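Here is the structure we will look at, set down as structure tokens.
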Amino acid sequence: MKEKMYLSTRGNQQPLNFYEAILQGIGSDGGLLVPDFKVDKKDLKELLDLHYIDLATEIISTFTPDDVKEDIRQLCKSAYGTGLFPENVVPVEKAGDVYITELFQGPTAAFKDMALSLLPYFMTFSLKQKGEEREVMILAATSGDTGKAALEGFKDVEGTSIKVFYPIDGVSPVQKQQMVIQTGHNVDVIGIRGNFDDAQTAVKKAFNSQELKDLCEQHHVFLSSANSINIGRLIPQIVYYFYSYLTLVKNKEIELGEEVNFTIPSGNFGNCLAGYIAKNMGLPIQRFIVASNKNNILTDFFNTGRYDANREFYKTNAPAMDILVSSNLERLVYFLCEDASLVKKYMDQLNETGVYEVDDDVFKKVQRYFTAGYLDEDKVLEVVGQCYRDTGYLLDTHTAIGYGVYKQYQKETNDQTKTILLSTASPYKFPGSVYQAISGEKLDEYKAVEALNKKTNVSVPKPLQGIDKREVLHTKVIDKESIIDFIGEQIKEL
Ligand SMILES: *Cc1c(COP(=O)(O)O)cnc(C)c1O
């Protein structure tokens, strides 16, 4: 059988196999890596009774070499089956008429755990398969949640080190605290004066910097990415789309084969894109509802076909979605047009002018599968409060955006299709806002944790308990312009 290979969305990358794609993280032409093979449609009936780990094995091995399925099962067991997640990994709950898949039950209480618990195992496995002897230095830019999840995933993992860059004023106090108390001999957390986009852009540039490439060679190391530009972030996320759906079938909420909608709080678009891949693998998804905060660049794109990054950047109460350069949209555009030269043209336009507009063909496809909307900050709080009063379910601010935008969509279209909301964070990651939403009272973050717990009886996730009393280990802050130089210095120290 032919080996499954990966190519760049911008067309100028030698084909890579799965291991190489994971280790390289991004296309050498600045594009993102995508499968160069047709993914086979899955027989849902055969997947119906599988435990999450076995389901993950079936889905993920679609993307890996054919002879390593049992290895993949072991990696999935290590990630999801050693007590860091609940037994069923992602519980599926219900609030009113909305099904909610809780993607935040892992080691850092946010959905990033779904992929970042597994990515380090992909990395070490790939290093082994390739006989790679260099160390890998993982770079991650974070809008709050990727950082902690990546740190937990990579801490003390042999052959790796990790540098996390976060905007000092762009993450919630709990998110920041989770990162700066991180232990591990190979971890580094760096605050930057700038926003998430600045951090992500600098990290992307680092991969293609000749100066850093030369330094890497001298110091026997190479760089890789833990952001959702790495295809190893996307593949594990396909699994919970199947799992959510199959759980509803098992619970007799839907018939096997019945179409559903997913509503997804979106930023870098990695979560939603994994769903689009699931749809291409035969999961009966009618529509994706792409939900944004006041940084509503995706809403505009899905409504007009025009991506315009020339706009004000807002810091909001859903900070993990404060993003204007939504990396994974590039992959979607590639999947829809299957024309790397066209994608390259769009991305060059984006780099040069901050704007691109897809052609009619692509836009028609966009409209067939995606609907988009957004909530501003006040509305987010209103939705958290309303959902709690109406259904007793406590949403975090990000998930509330998915919920609220779905409710708007339902009202406008009267679409009765059963809808699954992907819940991306525990309400205790944003306790100040969530408590304010249900009580009207503003409290300091950690007082809000206690008050929220008292008022709702929703328990505080273990990873968030007592973090305010832990020792701060990381205090470095640098300018956004010096990220690349900083990385260079770090390589020299190896
Ligand atoms: C990362 C994140 C998102 C956005 O996910 P993308 O894959 O970047 O679209 C939404 N909510 C929370 C809580 C997150 O951490």
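What you see is a predicted model; the values in this text were computed from it and never measured. Order of appearance sets the numbers: ligands from 1, and atoms from 1 within every ligand.
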Is the gap between the ring centers of [X] and [Y] under 6.0 Å?
X: Y80; Y: Y52; answer: yes
X: F63; Y: F18; answer: no
X: Y6; Y: F37; answer: yes

Ionic contact status for [Y] with [X], cut-off 4.0 Å:
X: E382; Y: K379; result: yes
X: D197; Y: K480; result: no
X: K163; Y: D188; result: yes

Per-atom contacts, ligand 1 versus [X] - under 4.0 Å to a heavy atom:
X: N271; answer: 7 (O)
X: G270; answer: 6 (P), 7 (O), 9 (O)
X: A320; answer: 2 (C), 12 (C), 14 (C), 15 (O)
X: A425; answer: 13 (C)
X: D145; answer: 12 (C), 13 (C), 14 (C), 15 (O)
X: M321; answer: 10 (C)

Contact (N/O only, under 3.5 Å) between [X] and ligand 1:
X: N268; result: yes
X: A110; result: no
X: F269; result: yes

Under 4.0 angstrom from ligand 1, any heavy atom of P265? yes

Could you tell me whether K112 approaches ligand 1 through its side chain, its backbone, both or neither, with non-hydrogen atoms closer than 4.0 Å? side chain

For [atom], grab the closest protein heavy atom and report residue, atom and distance to one decimal in Å.
atom: atom 12 (C) of ligand 1; value: T424 OG1, 3.4 Å
atom: atom 4 (C) of ligand 1; value: G267 N, 3.6 Å
atom: atom 5 (O) of ligand 1; value: F111 CE2, 3.4 Å

Mark yes when over 12 heavy atoms from residues, nucleotides or ligands other than K94 sit less than 6.0 Å from its NZ; otherwise mark no.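 Yes, NZ of K94 has more than 12 neighbouring heavy atoms, counting only those of other groups under 6.0 Å.
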
Crowded around E450 CD? As in, over 12 foreign heavy atoms under 6.0 Å? no

Provide the closest heavy-atom pair for V39 versus N280 in the form atom of the first, atom of the second, distance.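 Residues V39 and N280, closest heavy atoms: CG2-O, 4.2 Å.
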
